[in-house]
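Encoded as structure tokens, the structure appears first; notes follow it.
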There are 2 protein chains.
Amino acid sequence: MAMPSSRYALGMTELAITFDDVLSAAERLKGVAHRTPVLTSRHLDERTGARVFFKAEHLQRSGAFKFRGAYSTLSRLTPEQRQRGVVGFSSGNHAQAVALAAQLLDMPSVLVMPRDAPAAKLAATRGYQGRRPGSEVVLYDRLTEDRAALCARIAAERGATVVPPYDHPDVMAGQGTAALELIEQAGPLDALLVCVGGGGLISGCAVAATHLLPGIAVHGVEPEAGNDTQQSLAAGRLVSIAVPQTIADGAQTTSSGALTFPVIQRLVRSIVTVTDAQLVATMRTLAGRMKQVVEPTGCLAAAALLEGVLDLRGARVGVVLSGGNVDLARLAQFFAD
Amino acid sequence: MAMPSSRYALGMTELAITFDDVLSAAERLKGVAHRTPVLTSRHLDERTGARVFFKAEHLQRSGAFKFRGAYSTLSRLTPEQRQRGVVGFSSGNHAQAVALAAQLLDMPSVLVMPRDAPAAKLAATRGYQGRRPGSEVVLYDRLTEDRAALCARIAAERGATVVPPYDHPDVMAGQGTAALELIEQAGPLDALLVCVGGGGLISGCAVAATHLLPGIAVHGVEPEAGNDTQQSLAAGRLVSIAVPQTIADGAQTTSSGALTFPVIQRLVRSIVTVTDAQLVATMRTLAGRMKQVVEPTGCLAAAALLEGVLDLRGARVGVVLSGGNVDLARLAQFFAD
């Protein structure tokens, strides 16, 4: 007698991606994305009482995990779509990732970025675009212009494809390859800590990790000021907050996504938060002890463990260091006594 | 008819170490020293026109290549010598390396350090010593006390073995394992760039590299203010200079050694110099582009290539990043605009 699968028996809705989607993304990224190293530190193992495996996505191309999602999404576009190019919006790592992925795949890209974005990020994005005809950075005014409307207009004018920063199945599956690789490199893990902005990284990673290791506890980490996902989990529905004030600029999202949130609800064990002071302490620890430059958002997951928010004594713990793009002048402020 | 080997036919004197000594050191370091990763950067390859392989010794145990020489030297001591322990002098990375190696080999260590050494370095050295009876840091006054005499007295009192920072065959052979590994990891190289303080690292590396790759050009890099080895090569004999004023505190040596200099004379193609400003620019490049914290001395070799002192367009180039121990407050000064 055929039994219905438990998923349908329980009336669960389908999630936006499956483990096979992550595997397909990994196939598309092979030889293009870096298989970033896994870093360890005896000192930090002693301090936490855990065995910690840091997945070094700050050493990924474009300086953040975002390249995985951007490239794996763009590489699925049809020849016609490629010709018309892509439009992305972001003041940070997603812009650089889309610019680089588009350049590698030989298609034009338009990145819509705030006029007051750091000069270094504007320059890096333009640098990745190269001098390709049709590629450009379009600046907008945060206070007087509607970014979404601007993107939609550009996309309509060009027939270009909009690449959202997190709420897209291909983006989510691409980000999940970070966890897939980490588990291949480090072996079985008891827990996996991942930062949460819009939820693209953690949803992809949770799908990959819980498929490979059904007993693993996936924990998300948000900035204290921007705990929209924690609130959403408590409420059982998507909660939106005002733009949070935090140094974790990559996690200044006002809510997770319609596609990412159901994955978080189903597969993530808990969401914890860390303060900006804990992020600064973690940046200092990672620079001083591990000689690594990790941006504030990239320190979220590590901070939860190193600053004692989560006690995972005796466990094998994966921690994603998600990015390293931070201005040196800003770094100088964090490192000054 | 048996021919004399060319070395003797040419009347050359024996060098202090051979390639076999480096191999033996590698054997002793196996499973103890980190096999540090080799880092690469598309951006820096484009900028230099070379294919660059950075040997990440700033990720070595104790934060610098010095652990290789210290451990491989201490591990050859007899049980009786181990019981009496070791004495080392250094204000920097050699002290931390000896302290850690002694602790791992279960022997007491005395480190003679200047009273005005950075608090972080004193704390790190004491931290590596642990609470072992007989292990201590002895402070001296740079202006009024004779460090060599103090070391000799402590060694005589305890029957302890003095571990010099560079002019010792076991130390030199241990440091040479960095080049051995780099060539195993990166494959054939046309050139190898190594910083020069007392010459321990470059002499060991030159022996290993020229044995494995007879055509390789080994270049040494000194701070402009401390070009004693460059002067010595020009003079054909060891030249001593006053303590040089440079931010490369690990290369503030006044001359290379009686054992290291002959190796440099025979096996090193050239010595070039870089300014402090070029070191700061390189620290910024390595942090901004490669997300790595490298101390000023650790940037010497990289600076020669990245700042255009050496033009190695088209070549496969190994660059040793020799250490990463720098106070965050100091780093903040270098990173501030």
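Values below: all heavy atoms of this structure, side chains included; hydrogens, waters and symmetry mates excluded. Each chain gets a letter, A, B and so on, in the order the sequences are listed, and its residues count up from 1.
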Is there a donor-acceptor pair under 3.5 Å between the side chain of A:K55 and the backbone N or O of A:T36? yes
Which atoms of B:N325 approach chain A - backbone, side chain, both or neither, heavy atom under 4.5 Å: both
Counting only heavy atoms not in B:R289, do more than 12 fall under 6.0 Å of its CZ? no
Check whether B:R61 gets within reach of chain A through its side chain, its backbone, both or neither, counting any heavy atom under 4.5 Å. side chain
To the nearest 0.5 Å, what is the distance between CG on A:L44 and CG on A:L305? 8.5 Å
Looking at chain B, which one of A:L331, A:L59, A:L328, A:V326 has the largest number of heavy-atom pairs inside 4.5 Å, strictly under? A:L328
Contact class of B:H34 relative to chain A, heavy atoms under 4.5 angstrom: side chain
Main chain of A:G323, side chain of A:E57: is a donor-acceptor contact present, judged purely on distance under 3.5 Å? no
Of all heavy-atom pairs between B:A95 and B:S90, which one has the smallest distance, and what is that distance? N-OG, 3.3 Å
Out of A:E295, A:R42, A:R330, return the one with the most heavy atom pairs under 4.5 angstrom to chain B. A:R42
